[in-house]
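Down below is the structure, laid out as structure tokens.
Numbering of residues begins at 1 and proceeds along the displayed sequence. Heavy-atom basis, side chains included; hydrogens, waters and symmetry copies ignored.
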Amino acid sequence: MSDIQTNNKRIAKNTILLYFRTIFIMIITLYTSRVILNQLGVENYGIYNVVGGVVAMFAVISSALSSAISRFITFELGRGNLSKLRVIFSTSVNIQLVISLIVLVLGEIIGVWFLNYKMMIPEERLVAANCVLQCSLITFCIGLISVPYSALIIAHERMSAFAYISILEAMMKLAICYLLVVSPWDKLISYALFMLFVSLAVRFTYGMYCSRHFEESHYLFVYDKRLFREMISFAGWTFFTNIAWVFNTQGINLLVNVFFGVTLNAARGIASQVEGAVMQFVNNFTTAINPQITKCYAAGEKDQMFNLICRGSKFSILLLLFFAIPIELETEYLLTAWLKTVPDHAVIFTRLAIIGVVVNVIGNTGYTACMATGNIKRYVLWITSVGFLVFPLTWIAYTLGFPVEIAYILYILVYILIDIVRLFIMRGLLNFPISYFVKRVIIPVVLTSIVGVFLPLLVYRSFEPSIFRFLTIICVSVISIGFASCFIGLTKHEREITVGKIIAKIKR
């Protein structure tokens, strides 16, 4: 069996594992979100969402280094340099420890000041909000230290371990629902403490697995000045891309709080739950394929890398359509059935958020390819410059009296522009042919979407809201999008491979 066939088989196996993980986690998330919203109430849920957003603002620091860690670990695995890999891992842990201390200090100074003097928090809930902030800071720092370990598991493509640990985390969050119901103490404070315990348990689980399976995960105190500077330099440029993302998500959350109050923060929280669940399905595929893209670049296999970029982007969107179309059509029924109390604007927020996911997913594999080169200065300057537009434009729009939904619309428009700019950067950085991407991804995806949505939309227009219409739309969507993907979205070669594998599975 060729290396390409072996890699494709590994990608398929890992994707299936991650899909089972996601289905399980999604079921638990749908249930736990409903219980938590009902137990906390709309006001407390909104407070937790927005205060957690203050801490997430510091993710601009951590996620930049996380990208650097993942890239360097996967790159060295692609080159087969295991001795260098151990140094990279230990250096990564050192960096994350330093960043954790920085985040704690900034959180205690900036976060506490902003929470108590700038945010719209009811006075009687300030003590609870401050407790949430402290727990969120510690949880965030624990997550930082876990990054090198999870990056190592993904780089080695041990998706079964990644899936099982995620399922364990979901089970613990399910247990939180019961504890929250019986807790005699303040519900909001209790929830924050329980989430802190879950993060500690997950951190120790990652550490134990890696120490048993990967020799390079045994920590050594090392200081490789050249490597340290390379990783910080890479992270420094990634920092600017990530700061745009944080401002466009958590920053918008704060603007919504300042202009509209915590009730609409609760609505954004619900939309984010649905958005995150849908993104998990897409991320399963990209998580499985991203290490292969980086390893292909490290090995100098550019043609295979280009193929993976296009296939990853196209398959991600096609998979997303199976969830996006039913959710877009039945958002109101879905949220009503899921939640006892649906916050105002949650329906429109969710619909716009799903469209934003589709736009954002297009460039995921292209981003991975650009990061693999390590030469990201031009990429960061352009993508960040465009990405930063969302926050100031939303601020201006709210000041001028535009409705709260304008934030999502501006986000969608700006990220369409980012997708276009990214393609031109890839052409200069990787000699990537834009016409190849348009032909292999954009045209098939657009045509599949148009054809695939026709029958579900017809059902939506023909029946009144009910469980019958909801289930019918799901079934019709699966069939309609499945056929459209097979005969329009896939090439002849991809179709033969896909059908062949399905038939082989049925015969077993």
Parallel, tilted or perpendicular: which one describes the rings of F247 and F391, with boundaries at 30° and 60°? perpendicular
Which salt bridge (charged side-chain N to carboxylate O under 4.0 Å, His left out) pairs, counting each pair once, include a residue from residues 395-408, with sequence neighbours left out? none
Give the ring-plane orientation class for Y398 versus F259, where under 30° counts as parallel, over 60° as perpendicular and anything between as tilted. tilted
Would you call the rings of Y408 and F349 parallel, tilted or perpendicular if under 30° counts as parallel and over 60° as perpendicular? tilted
Are any non-hydrogen side-chain atoms of I473 and R469 less than 4.5 angstrom apart? yes
Nearest heavy atoms of Y415 and V390, plus distance in Å: CE1-CG2, 4.2 Å
Check against side chain to side chain contact (heavy atoms under 4.5 Å, CB included), L321 and S449: CA-CA 7 Å; L321 289 177; S449 301; 3.5 Å; yes
Counting N and O atoms only, with roles assigned by atom type, does the side chain of N257 sit under 3.5 Å from a partner on the main chain of N253, one being a donor and the other an acceptor? no
Do other residues, nucleotides or ligands put more than 12 heavy atoms under 6.0 Å from the OH atom of Y436? yes
Side chain to side chain, F402 and I396, heavy atoms closer than 4.5 Å: no
Show every salt bridge (charged side-chain N to carboxylate O under 4.0 Å, His left out) that has at least one partner inside residues 439-456, sequence neighbours left out. R440-E494
Closest heavy-atom pair, D186 versus L188, reported as atoms and distance to 0.1 Å, is OD1-N, 3.0 Å
Return the CG to CZ distance between L104 and F140, rounded to the nearest 0.5 Å. 10.0 Å
If you compare all heavy atoms of F424 against all heavy atoms of I420, which two are closest, and at what distance to 0.1 Å? CD1-O, 3.2 Å
Are I467 and Y333 packed together at the side-chain level, in the sense that at least one heavy-atom pair is separated by less than 4.5 angstrom? yes
Within the side chain of K314, is there an N or O that forms a donor-acceptor pair under 3.5 Å with the backbone of V445? no
What are the two closest heavy atoms between C370 and M426, and how far apart are they? SG-CG, 3.6 Å
Check: Q273 and T350 side chains under 4.5 Å, non-hydrogen atoms: no
Is N248 reaching over with its side chain to a backbone N or O of G387, donor-acceptor style, under 3.5 angstrom? yes
Strictly distance-based, threshold 3.5 Å: is any side-chain N or O of S313 a donor or acceptor partner for the main-chain N or O of I309? no
Compare all side-chain heavy atoms of I348 with those of V404 and state whether any distance is below 4.5 angstrom. no
Are the side chain of S146 and the backbone of I142 linked by a donor-acceptor contact shorter than 3.5 Å? yes
Between S100 and I145, the two heavy atoms sitting closest are OG-CG1, 3.8 Å
Please report the shortest heavy-atom distance between L308 and T365, naming the atom on each side. O-CG2, 4.4 Å
Between F388 and V414, does a side chain to side chain contact (heavy atoms under 4.5 Å, CB included) hold up when you go through it step by step? CA-CA 9 Å; F388 254 125; V414 169; over 6 Å; no
Is I102 close to V105 at the side-chain level, that is, under 4.5 Å between some pair of heavy atoms? no
